[in-house]
Each structure stands twice: as C-alpha cells, then as structure tokens.
Amino acid sequence: MIFRYLTPVVYYLLILIWGYIFIFYLRKMQNKNINDKLLQTLLFILAIDSLRTFIESLFFGIKYTSQNNLFLTDWQTQLEQPYFVFVPKALNLGVALIIFFILLKKWLPAESSRRQNIDNLIKKQKIKLQKVIDNLYQTKEELNKSRDDYKNRFIYFPFPVFIWQKRGDDFEMVTANDAAYKDSNGKIKDVFNVQSKILWKEEPELTQYLHNAYDQKTSFTILREYTFRATNSTKYVSATYSFLPPDSVQIVTVDITEQKNAEKELIRQKILFETMFNSISDGVIITNSQREIMVANKGMNLLFGYNPEELIGQSAEKIYAQNSEFVKAGNIIFNELNKENEKRFETEYRKKHGEIFKGETFGAKLFDTQNQWIGNLAIIRDITERIEFIDALSKAKEKAEESDKLKTEFMNNLSHEIRTPLNGILGFSGLLAHENTFDKKQLHYINIIQNSGQQLLRIIDEIVEISELVTKQVNINFRVISFHELLMDLYHFFRPMALAKNISLFIKKQHKRNPCFIYSDYEKLQRILNILIENAIKYTENGFIKIGYSIKDERLEIFVQDTGIGIEKDKFNEIFALFAQVEKEISKKTGGLGLGLCIAREYIKLLEGNIFLTSEVEKGSTFYIQIPYKAMEINKNNLNIQDMEQENKNIVLVAEDEEINFLYIETILEDEIEKDLHILHAKNGLEAVKICENNPEIKLVLMDIKMPKMNGNQATMHIRTFRPLLPIVAQTAFTTDEDKKEALDAGCNDFISKPIDREILIELIKKYIP
C-alpha cells in the first residue's frame with residue numbers, strides 16, 4: 001500500500017530534478033567562457049537527454065497517478081490512446097537520432113580535433129622535455145667542466161688553499177694546493193688527517209673559525225699574524241674561511257706581510273709628518289675649496305694664539321685683519337677662477353686677541369688624483385721683524401752708499417793729489433834719463449825711480465778702479481767689436497814681455513778667417529784679459545802661455561793657459577777676493593796689491609759672464625771666461641763674414657809630443673799661411689796612424705820622428721800601407737844625413753830640422769798644399 005503512494009512521489013521528484021538539470025545545462029551552454037567545442041557539444045546532448053527524461057518522467061508520473069485514482073483520473077484514458085503512447089517513444093527516438101547526429105557531426109570531429117590538439121600538445125611537451133633533457137645534459141657537462149676547472153684552479157691557485165673535512169666534532173685537513181706545498185717547502189702533507197684541535201692546541205680560536213664557517217654555511221675573512229709551523233716563519237695573512245658542501249671548509253690564505261709593513265710604514269710616516277707638521281714654527285693651514293679650515297698645525301697657536309681645534313671648520317677669514325684682505329688673498333691664489341697654483345704674497349693678519357701684524361704667505365692649490373681642485377695650503381710667517389730689519393738695513397745701505405760715495409770721492413781726490421807730484425817725478429826723471437851727463441850707476445837709480453813711480457801709479461789706478469766697481473759707478477758701453485783684432489792687439493803688446501822671460505806666447509783661434517765680431521764692451525774685455533795675461537807672465541818662469549777661445553752653447557769661452565806655479569784647489573775662490581795674494585813670497589818679488597783678479601771678476605759680472613779656473617801646482621793654470629755670445633754679421637766690401645770661409649778646408653796633421661813645439665807650428669800655420677787650414681794634433685805615432693785612417697781628407701802630415709808608443713818612421717811606414725800618396729814631412733832634431741836618409745826610406749817626402757825655421761816651414765806648406 002505504501003508503494004502505491006510512494007511511486008508518484010518518486011515520479012514527481014524525478015520531474016523536478018530533471019527539470020532543474022535541464023535548466024542547469026541550458027545556463028551552462030550560455031556561458032561565454034567555455035571555448036571547448038567538445039564540452040559545448042556534450043552539454044547540448046546532456047540538455048536534450050535531460051529534457052527527454054523530464055518529459056518521460058512527467059508522462060509516466062501523470063499516467064501512474066491517474067491509473068491508481070490518486071488524482072487526474074480522467075488523464076488515464078487519454079494517455080492510453082495510441083498517439084499518446086507513441087509520443088514518449090517518438091521522443092526517445094528523436095532524441096536518440098539527435099544525439100546520434102550530434103555524435104557524428106559534432107562530437108566525433110571535435111573529439112578528433114581534441115585528440116589532434118592533445119597529440120600536438122604531447123609533441124610540444126616532448127620537444128620541451130627534450131630541451132630540458134639537453135639542458136640537463138649540458139648542465140651535467142658544464143658541471144663536470146666546472147668541477148675540472150675548480151680542480152685546476154684549486155691546484156694552480158696562486159695562494160695557498162687548504163681543505164678541512166668534518167670528522168665528528170672536529171676537522172681534519174684532507175688536501176692542499178700547489179701553492180700551499182710550495183709555501184711550506186712540501187711539509188704541509190705532514191699535517192694531513194691531523195685533527196685541528198691537536199694541530200692548533202695552543203690556538204683554539206682557529207678551530208672555532210672552522211666551526212663558524214661550517215655551522216653558519218657562510219664565508220668570512222680574518223686578518224692575523226700567523227706562524228707557519230712547517231717553515232717556522234711568521235707572516236701577516238688574510239685567511240678566508242668558506243663552507244664547501246656537504247661537509248668541508250676551505251681556507252684561502254694570502255700573505256699580506258708587505259702590505260702590513262707598508263701600513264706600519266705609512267703610520268710611521270703619518271706620525272713623522274704630524275710631528276714635522278706641528279714642529280714648523282710658521283702657521284700652516286689646509287682649507288677646502290670653500291676656504292674653510294680643515295687642518296691647522298701648532299704653529300698657528302704660536303703665531304695667532306689659536307689652538308688648532310679652535311680653527312677647524314672655521315672660515316679662513318677669521319685670521320685676516322679685514323675682509324678686504326681675505327678677498328684679496330682669494331683673488332691672488334685661493335679662488336677657483338685664479339689660474340695660478342702657487343704664489344707668495346704679503347698681507348695683514350689678526351691674532352686671537354686683536355693684534356694686527358704683517359705676514360708673508362706661501363699659498364698653493366691642492367688637487368686630487370683626477371687633477372680636481374679640492375682646497376688650498378697656506379704657510380704663514382710673521383715678517384714684522386724682517387720688515388723692521390729691512391728698513392734698518394735700507395737706512396744702513398743708504399748710509400753705506402753715501403759713505404762709499406764719500407770714500408770714492410776721497411779716493412779720486414787722493415788719486416789726483418798723488419798723481420800731480422808723481423807726474424812731475426816721472427816726467428823729470430824721464431828727462432834726466434835722456435841726459436848724457438850721468439854715469440851707469442846714476443842711470444840705474446833713475447830707472448829705479450821710473451819703475452817705482454810706474455808701479456805706484458798702477459797701484460793708485462787699481463785702488464780707484466776697484467772703488468768704482470764696488471760702489472757700482474762703472475758704466476758698460478756695448479758695441480760691435482772684432483774679438484780677433486782684440487786678441488792680436490794683446491798678443492803684440494805682451495809678446496815682448498813674454499820674450500823677455502823666455503816664455504812662448506801663442507794665440508789659439510777657433511776660426512782663422514772669421515774675425516769673430518761680437519757685441520760687448522771692448523775696454524772692459526781688454527782690461528780683463530790684460531789682468532789674466534799679465535798674471536800668467538808674472539807667475540810663469542818657463543814654458544808657454546796660450547790664449548784662445550771657442551763658442552759653446554751661445555757663449556764665448558776665452559781661456560788663458562800658462563805653465564806657471566799653479567794654484568792649490570782649496571784656494572781657487574780665495575784668489576778672487578780683495579787684496580788676495582796666494583803665494584806671499586812670490587808676490588813680494590812681483591809686487592801688487594792682489595786686486596787684479598777681483599777687478600776682472602767684477603767686470604765679468606757686468607758683462608753678464610762668469611770666470612773659473614783649473615790648475616795644478618807646479619804645472620800651471622788655465623783661467624776661463626764665459627760671456628754671452630752675440631754673433632754679428634758685418635759687411636766688408638759687400639761680403640758677408642760667412643762668405644769669407646771656404647767650403648773645403650785643408651786638413652793638416654801635426655804629429656808632435658811636445659806641446660810648445662806644436663803650439664809654435666800651429667801659430668805659424670794659422671797666422672802666416674794664406675790658406676784655410678784645419679789642424680789636427682797627434683801626440684804619438686800610434687795616434688797619428690789612427691787619425692790618418694779615420695780622416696781620408698788629410699792633405700799633409702808633419703811627422704815628428706822621436707815620439708812615444710811608436711816613432712815617426714814606424715808611423716810613416718804604417719800610413720804608407722793605406723795612403724801611399726799622402727805627403728809626409730819629417731821634422732826632427734836629428735839632423736845627420738843618416739837620420740835624413742832613414743826618414744826618407746821610411747816613406748817621408750821631405751825633411752825639416754828643429755828648431756824649425758819659419759820661412760822653410762811656410763815654403764814646405766805651399767809646396768804640398770798649393
């Protein structure tokens with residue numbers, strides 16, 4: 001009985017459920033987010049099937065309730081009609097046909113398309129998977145390569161590397177690289193597999209570093225002084241501890257002993273600099289580009305009364321007397337716009353308690369490594385006392401100059417007063433000397449009066465001259481002069497004096513045909529050379545005196561060489577002092593006040609030159625004068641001086657070991673031969689051969705027979721092997737026929753005897769150099 005009522009309930013529940021399902025599918029089909037065609041087809045089939053089930057449930061539910069007289073009893077007859085019975089079946093068939101059609105037209109193509117998409121997706125996934133596999137394979141190779149690289153880098157790493165492996169609660173060293181072996185002289189292997197607590201028993205902190213790196217899985221660096229047990233050497237090292245998975249720690253050590261020593265040295269130098277910086281009595285400050293004081297030394301306390309700490313961060317304006325002085329100093333050096341990097345200037349400063357003083361400042365700009373201006377340096381000095389001293393000195397100078405003028409005037413008056421009677425003495429004694437009424441003894445006395453008077457006159461002239469030089473009352477008169485003519489005038493003037501002492505006097509000219517016109521003061525230059533030549537004659541008893549010149553680096557260098565007594569080296573400067581006479585005994589014989597060289601030096605200063613000497617005791621001295629060389633081109637008969645030099649010089653070799661003989665021959669060749677000769681000098685036979693080999697232009701050889709190293713005959717035979725036609729004239733003191741024949745047999749073309757006759761030598765030169 002219960003199923004009679006329960007069955008309709010089931011039917012009507014089915015009707016409600018399938019109705020809801022039908023509506024649900026319809027809504028889902030309307031969802032625009034569903035793009036899958038297969039899913040859309042399936043929803044459509046399900047919607048039709050749910051409609052069919054809904055209608056069937058409705059049909060059979062109505063039929064059952066009507067059949068059992070529950071309600072709608074009049075519907076049973078209608079529903080049992082054939083056409084109503086056909087409706088559900090037809091509906092089933094229609095739905096089946098629709099579903100079959102959809103399966104054929106929609107589902108199967110969509111499913112095929114989906115399968116194709118799935119296949120394409122699988123293919124793409126396969127490609128991606130293959131790429132992943134390839135990447136994994138490549139990664140594996142790179143990993144292997146990286147492992148090999150690490151191994152190689154580990155082995156050949158330039159710094160010692162140690163690998164410690166975890167063993168229980170401790171670590172053991174398991175390996176080390178080549179640098180570690182080298183650093184320990186191979187003894188590092190002795191500590192392999194030794195626990196760190198044993199190895200570093202006295203330094204447990206080193207074991208703790210290993211634990212820290214291992215436990216924290218990190219890297220860190222420590223700097224420490226370390227004693228290598230293997231070599232028992234102490235170094236400063238930088239040790240880097242790094243965790244190596246899975247159970248190791250790597251230690252890389254870098255020897256920083258040199259850097260540490262450099263750091264210590266830097267600290268030492270810093271302390272030294274600070275000590276020096278603060279020991280400077282002058283005030284020193286360093287400012288930035290805004291002129292704010294960054295550093296100040298203790299000298300600022302002494303100078304200004306400020307402690308250095310009081311000035312740090314303050315504007316430098318604080319120490320200037322006025323703002324205008326501060327601005328002025330900036331314009332001079334301390335501003336960016338000023339292009340000067342260093343400058344010395346004077347300004348006024350103000351001390352802490354208000355006192356103003358005059359200061360001298362050396363200012364300099366400071367630059368960084370990129371040459372960017374970063375600030376300024378100022379060194380300040382109180383010059384109040386100096387100014388007062390200069391003022392006092394200036395006044396003293398004025399008094400001294402006034403005194404010098406008075407002294408000079410006095411000397412001039414004294415000179416005039418002495419010269420007047422002295423002229424009478426010299427004049428009348430000269431007249432007496434020409435009288436025939438005096439015997440030899442009386443004439444000798446008259447000559448003594450004459451010589452003594454001349455000497456006294458010369459002394460007076462020197463005193464007046466040095467007085468004028470000291471008081472700067474001498475004027476310089478520059479003009480064009482022929483230096484060659486000046487030398488020749490001096491030569492002719494002093495030659496009789498030299499001959500009177502049996503001394504040879506020579507002139508050595510650089511250019512024979514060029515008269516060497518220069519721009520200088522003729523009288524001053526003549527006076528300088530007069531003093532030098534007169535001294536050379538005075539202090540030379542035998543030998544020679546040579547005067548010459550050369551042009552070096554735009555300066556005319558004149559020399560006076562003698563073979564006199566010489567001067568000790570430690571007295572070179574002393575001889576130029578006032579009233580200096582180095583050899584007192586000789587000076588007593590020769591006379592004079594010792595003013596000559598002092599006068600010469602003062603004149604050379606006026607000519608913008610300098611004087612110096614070389615000397616050797618008992619061998620002679622050479623005085624050198626250097627003055628500016630201003631070459632002048634003078635036209636004579638419309639010819640330039642430079643045109644007077646011939647293009648081709650005739651080269652003559654003089655082989656002579658005696659200096660005086662060579663100078664004599666050189667003087668004749670330069671002064672008496674009307675040709676442009678270039679003279680070479682060989683001091684021995686071997687040197688003569690080498691000069692001939694190196695100078696194929698030589699046109700004549702004057703060969704001394706007696707010479708060191710190789711005599712003249714031997715040298716001639718050697719020269720004949722490579723210069724068979726070169727004219728060679730033998731010149732020797734050996735004058736026998738046998739000597740002459742021996743020289744001619746050796747290859748000489750001619751023969752001249754010593755002492756050499758000037759005329760014969762000139763004729764021989766003209767014979768072989770026409």
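Computation of the quantities below employed the complete heavy-atom set of this structure, encompassing side-chain atoms and omitting hydrogens, waters and symmetry-equivalent molecules. Given the structure is predicted, the values throughout are model-derived calculations rather than measurements.
Using a 4.0 Å cut-off between a side-chain N of Lys or Arg and a carboxylate O of Asp or Glu, Glu687 and Lys690 do not qualify as a salt bridge. Using a 4.0 Å cut-off between a side-chain N of Lys or Arg and a carboxylate O of Asp or Glu, Glu225 and Lys260 do not qualify as a salt bridge. A salt bridge does not link Arg386 with Asp391: every distance from a Lys NZ or Arg NE/NH1/NH2 to an Asp or Glu carboxylate oxygen is 4.0 Å or more.
Considering OG1 of Thr361 and CD of Glu325, their distance stands at 10.0 Å, rounded to 0.5 Å. Separation of atoms CD1 (Ile293) and CD (Glu317) is listed at 11.0 Å; rounding is to 0.5 Å. Rounded to the nearest 0.5 angstrom, Glu205 CD and Ile222 CD1 are separated by 8.0 Å. With values rounded to the nearest 0.5 angstrom, Glu385 atom CD is found 12.0 Å from Phe357 atom CZ. Rounded to the nearest 0.5 Å, atoms NZ (Lys352) and CG (Leu311) are 9.0 Å apart. Atom CD1 of Ile251 sits about 4.0 Å away from atom OH of Tyr241, to the nearest 0.5 Å.
Heavy atoms of other residues, nucleotides or ligands lying less than 6.0 angstrom from CD of Gln130 number more than 12. For Lys166, the NZ atom is densely surrounded, since the number of other residues' heavy atoms within 6.0 Å is greater than 12.
Pairing each heavy atom of Leu223 with each of Ser238, the nearest pair is CD2-CB, 3.4 Å. Closest approach of Leu303 to Lys351, counting heavy atoms only: O-CE, 3.2 Å. Nearest heavy atom pair, residue Ile380 against residue Asp282, reads O-CB, 3.3 Å. Residues Asn297 and Ile280 approach most closely at ND2-O, 3.3 Å, considering heavy atoms.
No side-chain heavy atom of Gln259 sits less than 4.5 Å from a side-chain heavy atom of Leu266.
With ring centers used as reference points, Phe572 lies 6.0 Å or more from Phe623.
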Practice problem: Please lay out, stage by stage, how Asn212 and Gln208 fare under the test side-chain hydrogen bond (donor to acceptor under 3.5 Å, both in side chains). | Solution: CA-CA 6 Å; Asn212 292 344; Gln208 187 60 45; 3.0 Å; yes

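The aromatic rings of His211 and Phe171 lie perpendicular to each other, with more than 60° between the two planes, well past the 30° mark. Relative orientation of the Tyr320 and Tyr349 rings is tilted, given thresholds of 30° and 60° on the angle between their planes.
The side chain to side chain contact (heavy atoms under 4.5 Å, CB included) with Ile285 is formed by just one residue from the set Ile319, Leu377, Ile312, Asn376; it is Ile319.
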